[in-house]
Amino acid sequence: MSALLQHRAGGRGDVLIPISANQAPQPIDLIIDTDPGADDVIALLFALASPQELNVRALITVAGNVRLDKTSRNARLALEWAGCEAVPVYAGAPKPLKRTPIYAEHVHGEEGLPGVAVHEPKKGLAEGSAIDFLIDTLLAARPQSITIAMLGPQTNLALALMREPGIVRGIKEVVIMGGAHFNGGNITPVAEFNLFADPHAAEVVLKSGVNLVYLPLDVTHKILTNDARLERIAALNNKAGKLVGDILNECIGGDMARYGIPGGPVHDATVIAYLLKPALFSGRSVNVVVDSREGPTFGQTIVDWYDSLKAPKNAFWVESGDAQGFFDLLTERLARLK
């Protein structure tokens with residue numbers, strides 16, 4: 001990639017943005033929508049350690065891996081651990097649009113943070129709801145200026161879009177950890193958890209016309225821990241490195257045993273790596289449909305990888321990534337924290 005070009009893949013294809021040789025790229029104005037969750041906390045620490053590239057405007061929380069009260073607490077804990085308590089946290093949707101709530105406590109434990117002791121953070125939640133915050137912020141924003149990192153079910157954004165469709169004007173892109181195509185699912189044979197937890201919300205977002213990037217299990221199951229990568233994180237000898245190491249050491253065994261893979265994925269953190277260094281990843285613009293019909297394919301993402309239907313392309317689907325490049329970047333950023 002030319003040093004004078006900044007790559008950004010959006011739902012309408014790849015975009016190359018000229019950058020002056022004497023001008024550094026502006027930080028991405030970022031809202032992180034999250035349901036912490038083990039890998040969410042790693043993603044949050046990753047993002048908060050990158051203030052030159054990512055201007056984190058707020059965290060908004062959603063029920064997903066655990067209940068909303070716990071995801072909201074864990075998001076505030078991540079800010080406390082990163083020394084970034086000034087970033088506000090807004091609580092969002094406590095349940096999906098239509099379906100019965102489902103949680104992933106079998107993976108993330110009752111508190112959502114396996115391997116880590118939790119406590120009530122000193123800083124409380126920001127006043128107001130995440131949905132109101134999204135609407136107010138996006139309506140007031142410059143056109144296509146705000147990026148949303150989506151690390152959990154898409155309920156908050158769907159509710160905001162349903163109330164005020166005009167917010168699409170302020171959205172630059174939505175980068176989503178979710179879905180599965182080539183890889184198969186992790187909650188059913190065909191569905192990934194974030195989409196299974198609220199497929200109706202994902203349908204609203206897919207139909208909104210915003211630029212969408214999906215980082216599915218297809219890529220996250222290729223970016224895996226190994227002994228050397230875990231040892232480098234442990235060797236940081238700081239709080240962030242210990243937290244991430246403890247979380248990964250507690251979590252990865254289950255995935256390794258279930259899928260027969262040589263290491264564990266760090267799903268949500270791939271969204272942050274994509275925002276920081278998209279050249280680590282590759283994929284293509286495709287048409288994506290979510291199955292919200294009751295039955296064995298509920299929550300499945302149907303991806304027209306080979307353009308068989310000639311349908312409008314509504315998302316950029318990431319299929320592969322540079323695993324070593326990802327862990328090099330993650331480790332370098334964690335080293336910046338205490």
Side-chain angles (χ1 to χ4, degrees), residues 30-49 54 56-96 101-130 133 148-156 176-178 193-194 197-198 233 238-252 254 264-272 330 333-334 337-338:
L30 184 65
I31 296 169
I32 303 179
D33 193 328
T34 182
D35 63 336
D39 51 326
D40 300 72
V41 166
I42 297 172
L44 294 176
L45 294 174
F46 197 0
L48 295 165
L54 304 177
V56 180
R57 300 273 297 267
L59 308 184
I60 61 176
T61 58
V62 66
N65 287 320
V66 285
R67 298 192 321 260
L68 180 66
D69 59 327
K70 294 183 178 182
T71 65
S72 298
R73 178 203 61 204
N74 294 347
R76 290 179 289 133
L77 279 174
L79 293 173
E80 188 175 287
W81 291 330
C84 296
E85 293 97 328
V87 176
V89 178
Y90 294 87
K95 61 181 182 179
I102 181 174
Y103 307 109
E105 292 168 336
H106 62 291
V107 174
H108 297 268
E110 285 191 13
E111 300 302 324
L113 283 176
V116 177
V118 300
H119 61 270
E120 185 61 28
K122 295 177 184 177
K123 183 79 178 287
L125 287 166
E127 292 186 9
S129 77
F133 169 77
I148 301 173
M150 191 78 67
L151 309 183
Q154 299 172 44
T155 319
N156 289 330
I176 297 163
M177 191 279 121
F193 176 83
N194 287 340
D198 199 344
I233 291 171
N238 62 1
K239 181 190 289 187
K242 185 177 189 310
L243 284 165
V244 171
D246 288 347
I247 290 170
L248 288 174
N249 285 322
E250 186 72 21
C251 287
I252 62 176
V266 198
H267 303 287
D268 291 333
T270 61
V271 168
I272 306 306
L330 173 64
R333 296 309 162 97
L334 293 176
L337 299 174
K338 293 182 180 178

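When a residue number appears, it is its place in the shown sequence, counting from 1. All figures in this text were calculated on a predicted structure; none of them were measured in a lab.
- You'll find the side chain of Asp268 stays beyond 4.5 Å of the side chain of Ile42, heavy atoms only.
- Annotation for Glu120: atom CD counts as buried by contact number, over 12 foreign heavy atoms lying within 6.0 Å.
- Between Asn65 and Asp40, the side chains place a donor N or O and an acceptor N or O closer than 3.5 Å (distance only, hydrogens not considered).
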field: Worked verdict on Gln154 versus Ile176 for side chain to side chain contact (heavy atoms under 4.5 Å, CB included)
entry: CA-CA 9 Å; Gln154 299 172 44; Ile176 297 163; 3.8 Å; yes

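- A donor-acceptor pair is defined here as one N or O able to donate and one able to accept, closer than 3.5 Å; no such pair exists between the side chain of Asp198 and the backbone of Pro96.
- Side-chain contact between Thr71 and Thr34: absent, with no pair of heavy atoms (C-beta onward) separated by less than 4.5 Å.
- A distance-only check finds no donor-acceptor pair linking the side chain of His108 to the backbone of Gly37 [under 3.5 Å].
- For the pair Pro36/Leu44, a side-chain contact is recorded, criterion being any heavy-atom separation below 4.5 Å from C-beta on.
- No donor-acceptor pair under 3.5 Å is formed between the side chain of Asp35 and the backbone N or O of Val62.
- The existence of a salt bridge linking Arg73 and Asp69 is excluded, since no basic side-chain nitrogen approaches an acidic carboxylate oxygen closer than 4.0 Å.
- Closest of all the heavy-atom pairs between Phe193 and Ile102 is CZ-O, 3.9 Å.
- In this structure the side chain of Leu243 never reaches within 4.5 angstrom of the side chain of Val41, judged on heavy atoms.
- Taking CG of Leu125 as the reference point, atom CD1 of Ile60 lies at 12.5 Å (rounded to 0.5 Å).
- One N or O on the side chain of Arg76 and one on the backbone of Ser72 form a donor-acceptor pair closer than 3.5 Å.
- Remark: Leu48 CG to Leu334 CG distance equals 11.0 Å, nearest 0.5 Å.
- Of all heavy-atom pairs between Glu127 and Tyr90, the closest is O-CE2, 3.3 Å.
- Under a cut-off of 6.0 angstrom, the local environment of NZ in Lys242 is sparse, with at most 12 non-hydrogen atoms contributed by other residues, nucleotides or ligands.
- Interatomic distance, OG1 of Thr155 versus CE of Met150, reported as 9.0 Å (0.5 Å rounding).
- The shortest distance between side-chain heavy atoms of Val266 and Phe46 does not fall below 4.5 Å.
- In this structure a side-chain-to-backbone donor-acceptor pair under 3.5 Å is present from Asn194 to Met177.
- When all heavy atoms are compared, the tightest approach of Gly115 to Glu250 is N-CG, 3.6 Å.
- Checked against side-chain contact (heavy atoms from CB on, under 4.5 Å), Glu80 has the following partners two or more places apart in sequence or in another chain: Leu77, Glu85, His119, Pro121, Lys122.
- The distance from the CD1 atom of Ile31 to the CG atom of Leu59 is 10.0 Å, given to the nearest 0.5 Å.
- Atom CG in Leu45 sits 10.5 Å away from atom CD1 in Ile272 (nearest 0.5 Å).
- Proximity of Thr61 to Leu68: side-chain heavy atoms (C-beta onward) are separated by under 4.5 Å at one or more points.
- With contacts defined as side-chain heavy-atom distances shorter than 4.5 Å, the pair Glu105/Val66 qualifies.
- Lys70 places no side-chain N or O within 3.5 Å of a backbone atom of Leu113 that could act as its donor or acceptor partner.
- Between Asn156 and Gly92, the closest heavy-atom pair is OD1-CA, 3.3 Å.
- Going from atom CD of Glu111 over to atom CZ of Arg67 covers 8.0 Å, rounded to the nearest 0.5 Å.
- Contact between Tyr103 and Pro94 at its shortest, heavy atoms only, is OH-O, 4.4 Å.
- Nearest heavy atoms, Phe133 versus Ala58: CZ-CB, 3.5 Å.
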